[in-house]
Amino acid sequence: QVQLVESGGGSVQAGGSLRLSCAASGYSYSGACMGWFRQAPGKEREGVAAIDSDGSASYADSVKGRFTISQDNAKNTLYLQMNSLKPEDTGMYHCAFRYGCYSGAWPSFAGDKADFGYWGQGTQVTVSS
């Protein structure tokens, strides 16, 4: 079955960096659409970035220029490099999978979070000011 396991979260000061990883298994990577989402306490889960199996990526405006999503298909791993972190980036970060990213720019590229059928348990990111 599909398994997604995140790691790499932690506590950093504003301006710092973290790299999140998502170890994936149980599905064919051809045609896969992988996404990173985050959820702050008391807020809805929101999309951060998504990437398709060809390497095309799209980002939420709030992280564009600071975060980079990438994947290593040989290692079956999805990454999120987060630079210039801000306190508002604090939250639980989840990776998610479905087949077929949509066309167009964010948010159309990733679609709705309900379109992703498989989720990891999450890794906590805390950014202090």
Side-chain angles (χ1 to χ4, degrees):
Q1 70 270 23
V2 176
Q3 287 192 318
L4 302 171
V5 181
E6 302 93 336
S7 61
S11 297
V12 297
Q13 290 193 325
S17 298
L18 284 172
R19 188 174 83 153
L20 306 183
S21 299
C22 172
S25 63
Y27 60 90
S28 170
Y29 302 101
S30 176
C33 182
M34 301 295 297
W36 283 102
F37 293 76
R38 65 187 180 190
Q39 187 166 17
K43 294 189 176 181
E44 285 195 14
R45 190 171 295 186
E46 63 175 0
V48 174
I51 187 168
D52 69 16
S53 58
D54 294 329
S56 296
S58 187
Y59 300 87
D61 287 345
S62 59
V63 306
K64 198 175 296 183
R66 299 188 297 122
F67 290 10
T68 302
I69 188 171
S70 63
Q71 59 195 355
D72 185 334
N73 290 336
K75 295 183 179 180
N76 301 337
T77 303
L78 177 73
Y79 301 100
L80 186 68
Q81 177 67 44
M82 305 186 296
N83 299 328
S84 302
L85 282 161
K86 304 176 181 180
E88 51 264 43
D89 294 319
T90 294
M92 185 69 76
Y93 282 69
H94 300 266
C95 62
F97 156 77
R98 73 159 194 270
Y99 281 112
C101 289
Y102 305 132
S103 61
W106 192 274
S108 299
F109 183 81
D112 191 82
K113 55 183 178 290
D115 295 337
F116 287 82
Y118 298 92
W119 295 82
Q121 292 298 308
T123 185
Q124 177 67 37
V125 172
T126 303
V127 185
S128 57
S129 57

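Values below: every heavy atom of this structure, side chains too, minus hydrogens, waters and symmetry copies. Here the structure is a predicted model, which is why all the values come from computation and not from measurement.
The two atoms that bring Ala32 and Tyr27 nearest to each other are CB-CE1, 4.1 Å, heavy atoms only. Of all non-hydrogen atoms in Ala60 and Gly47, the two that sit nearest each other are CB-O, 3.7 Å. Closest heavy-atom contact between Gly31 and Ser53: N-OG, 3.0 Å. Here the closest non-hydrogen pair linking Ile69 and Ala57 is CG2-CB, 3.6 Å. The two residues Ala14 and Ser129 make their nearest non-hydrogen contact at CB-CA, 4.3 Å. Between Cys95 and Leu78, the shortest heavy-atom contact is CB-CD2, 4.0 Å.
Taken to the nearest 0.5 Å, the OG atom of Ser84 stands 9.5 Å off from the CG atom of Asp89. Rounding to the nearest 0.5 Å places NE2 of His94 at 11.5 Å from SG of Cys22. One finds the OG atom of Ser62 at 9.0 Å from the CH2 atom of Trp106 (value rounded to the nearest 0.5 Å). Atom CE of Met92 sits about 8.5 Å away from atom OG1 of Thr126, to the nearest 0.5 Å.
Proximity of a side-chain donor or acceptor of Asp54 to a complementary backbone N or O of Ser56 within less than 3.5 Å is not detected. Formation of a donor-acceptor pair under 3.5 Å by the Arg98 side chain with backbone atoms of Gly100 is found in this model.
Ring centers of Phe37 and Trp119: under 6.0 Å apart, within the cut-off. Side-chain rings of Tyr118 and Phe116 stay apart, their centers remaining 6.0 Å or farther from each other.
When the side chains of ILVMFWY residues are joined at heavy-atom separations under 4.5 Å, either directly or via intervening members, Val5 and Val2 end up in two distinct hydrophobic clusters. The hydrophobic clustering, which links ILVMFWY residues whose side-chain heavy atoms are closer than 4.5 Å, places Phe97 and Tyr29 together.
Inter-residue side-chain proximity for Cys101 and Phe109 is flagged as met; some heavy-atom pair is nearer than 4.5 Å. Side-chain contact between Val12 and Met82: absent, with no pair of heavy atoms (C-beta onward) separated by less than 4.5 Å. Side-chain atoms of Thr90 and Arg38, non-hydrogen and from C-beta on, never get closer than 4.5 Å to each other. Proximity of Leu4 to Met34: side-chain heavy atoms (C-beta onward) are separated by under 4.5 Å at one or more points. For the pair Phe67 and Leu20, the minimum side-chain heavy-atom distance is 4.5 Å or more. Side-chain contact between Ser7 and Thr123: absent, with no pair of heavy atoms (C-beta onward) separated by less than 4.5 Å.
For Gln39, the side chain to side chain contact (heavy atoms under 4.5 Å, CB included) criterion is met by Arg45, not counting sequence neighbours.
Within the structure, side-chain hydrogen bond (donor to acceptor under 3.5 Å, both in side chains) pairs that include any residue of residues 67-79 do not occur (at least two apart or interchain).
For Tyr102, the OH atom is densely surrounded, since the number of other residues' heavy atoms within 6.0 Å is greater than 12.
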Open item on the list: Set out, in order, the CA-CA distance, both residues' side-chain angles and the distance that settles side chain to side chain contact (heavy atoms under 4.5 Å, CB included) for Trp36 and Glu6, then state yes or no.
Closed with: CA-CA 10 Å; Trp36 283 102; Glu6 302 93 336; 3.9 Å; yes
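Using a 4.0 Å cut-off between a side-chain N of Lys or Arg and a carboxylate O of Asp or Glu, Lys64 and Asp61 qualify as a salt bridge.
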